[in-house]
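Structure record follows, encoded as structure tokens.
Naming: A, B, ... by sequence-line order, numbering from 1 per chain.
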2 protein chains.
Amino acid sequence: MSTAEKVAQLMLAFECDNAAGSVERSVSELASIVGRERSQVCRMLKSLCQAQVLEQDPDSHRYRLGWRVRVLAAGAGDQVLVRAARPILQALVARTGEVALLTVQEANRGLTVMREESQNSLRRGGWIGQRSAMHFTATGRALMFDADDDLVKALTADQFGADSRSTPNAPRNVEELLQRLRIERRQGYAVASEEIEAGLTSVSVPVRNMHGHLLAVLNVSGPTTRMNDRVEAIAKLLIEASGAITHALGPRHAQDREGAHRARPSFDRAASPRHAVEQRHQQTPVPMP
Amino acid sequence: MSTAEKVAQLMLAFECDNAAGSVERSVSELASIVGRERSQVCRMLKSLCQAQVLEQDPDSHRYRLGWRVRVLAAGAGDQVLVRAARPILQALVARTGEVALLTVQEANRGLTVMREESQNSLRRGGWIGQRSAMHFTATGRALMFDADDDLVKALTADQFGADSRSTPNAPRNVEELLQRLRIERRQGYAVASEEIEAGLTSVSVPVRNMHGHLLAVLNVSGPTTRMNDRVEAIAKLLIEASGAITHALGPRHAQDREGAHRARPSFDRAASPRHAVEQRHQQTPVPMP
DNA sequence: TGGCAGGTTGCTCCCAGAGCAACAAGATTC
DNA sequence: GAATCTTGTTGCTCTGGGAGCAACCTGCCA
């Protein structure tokens, strides 16, 4: 492993792994996370402080990510998507009063990359950095709207049974999942109750570019009690919102890998890491409602 | 320079340096920015892609920051401050219809770390990652509200004349600046017209913790035509908002370095890099309005 | 077709990172 | 209060990985 990867690994050890956030880590803690010597980690941390990427609390000696990382992130990811999605997420929050999320695919998980909430919405329901399972979350299934059966199987192969947080509502096996996906594809949105936490319901729809390529998933989550009789209305809003993002992206955004148009920003989807699952989606441009 | 610093330097080369954003860079470009060999940079970039920190466009071969960086940033900086400030910035946007910013101090510059805008506000006026001069911007001067004259001189020593973007309204020398600061301290807020762009007016107030320690600056910017007769009203809103943040931070947030209270997150202010200017502020707890 | 720019890879040399041990300071335990 | 443990940090040595050069390949342009 190269030093650059080690540095990256060390920085990524600061990722929020829950909604609480507030990541401040000690040298020993980090050393055990990345599996390296304390001395090593200590020196590397000092270098990163030098570079203003990290900051160290003078009292507790613990480290955390500096402001510059926050600045960096403003330009991270697919900027066209980010800029198109932001106001639309805000509008969704304004109209529903619930939390709105944008999630991209990372290997065989969903990775939530954007969140907007209203001032009086509950501080619950998905956080930036949350990894979602593919089979028992609305977002995960919406990410698989364009996947053929084989790909669905590959993406969820190791997940059934593994993750115990699934509820009785969740599909028990691949067949149930495929059946559920067929229904949800037809209706154009996915729903899951008790997805992340008990009493939480979320509705998800895919976001596509103008070539029909699935880029991300748009999601609204709220307490089941508030959501129950609004699911369809919210789904309708979400589908409109998704279309609005597609429109805002413009025709020049990305294209299928096969397409030879020479547009500028044209990354696939999320990261495409060295993972067992090859993420080639079936290319079925779905007509925009 | 250690490899870790080089890696950091390379990542920081992706920082947005203007409002346009969209940072996608080629190997050669990056090599010239960090002043190193293309081959070197190329290998380092590949490692960072491996770690999913960067992504490479398969067509153009250019690199950009990945989604994981965006995720990282959600936990970067003073989390307590970030969480307290977010809803208050949103409220300011809602009430004024203009852009609201939060800026911390980084050496002898202001570094804007948070931005909220309304859907119909102009896409202008400060971006995340913007560096502000201390003397001819409202934000810069608000950052110096607690600084004594010597510190002000030190912070702005190399800036007069150097930055040609200053306008006729700007203080020409340290004396004028000090005079202006005295007035602005008394009224509790700083104003600057044509600060960032022509036709843009911005109003700034300091944000403090409950110990009176200056943490950041809150700012609202808009077109001069819309701002002109609202400056005082907006300043009043800003001062209230600043107080609300102070309140939201809670009594446990930080303390003066001298204070021996054992609270948890207690970093000084922004980054405190190896810079010529020692940033020790005069400790004059200013009563909260 | 030839030249050029830009991304990538091979190869060699030597510097910087790995590992160990030790030290200082604070926390914890007896 | 002494002993012990934990944790952050630094010295030192050795070797593996980063630096630098050159070459290769591809797409672009004249």
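In the set C/dC20, C/dG17, D/dT9, the nucleotide with an atom closest to the side chain of A/His61 is D/dT9. The side chain of B/Ser39 lies closest to C/dT9, out of C/dT9, C/dG7, D/dT10. In this structure, of D/dG8, C/dT9, C/dG17, it is C/dT9 that holds the atom nearest to the side chain of B/Arg43.
Taking atom CZ on A/Arg25 and atom C1' on D/dT7, their separation rounds to 17 Å, with Å as the unit. B/Arg38 has its CZ atom 8 Å from the C1' atom of C/dA5, to the nearest Å. Distance A/Met44 CE to C/dA16 C1': 11 Å, rounded to the nearest Å. Between the P atom of C/dA16 and the CD atom of B/Glu5 lies a distance of 11 Å, rounded to the nearest Å. One can place CD of B/Gln40 at 16 Å from P of C/dG10, the figure rounded to the nearest angstrom.
If B/Leu45 and B/Met1 are placed on DNA chain C by their nearest nucleotide, the residue sitting closer to the 5' end is B/Leu45. Each of B/Lys6 and B/Val27 has a nearest nucleotide on DNA chain C; the 5'-most of these lies closest to B/Val27.
The side chain of B/Gln56 contributes an N or O atom lying less than 4.0 Å from OP1 or OP2 of C/dT8.
Here A/Ser2 lies in heavy-atom contact (under 4.0 Å) with sugar-phosphate atoms only.
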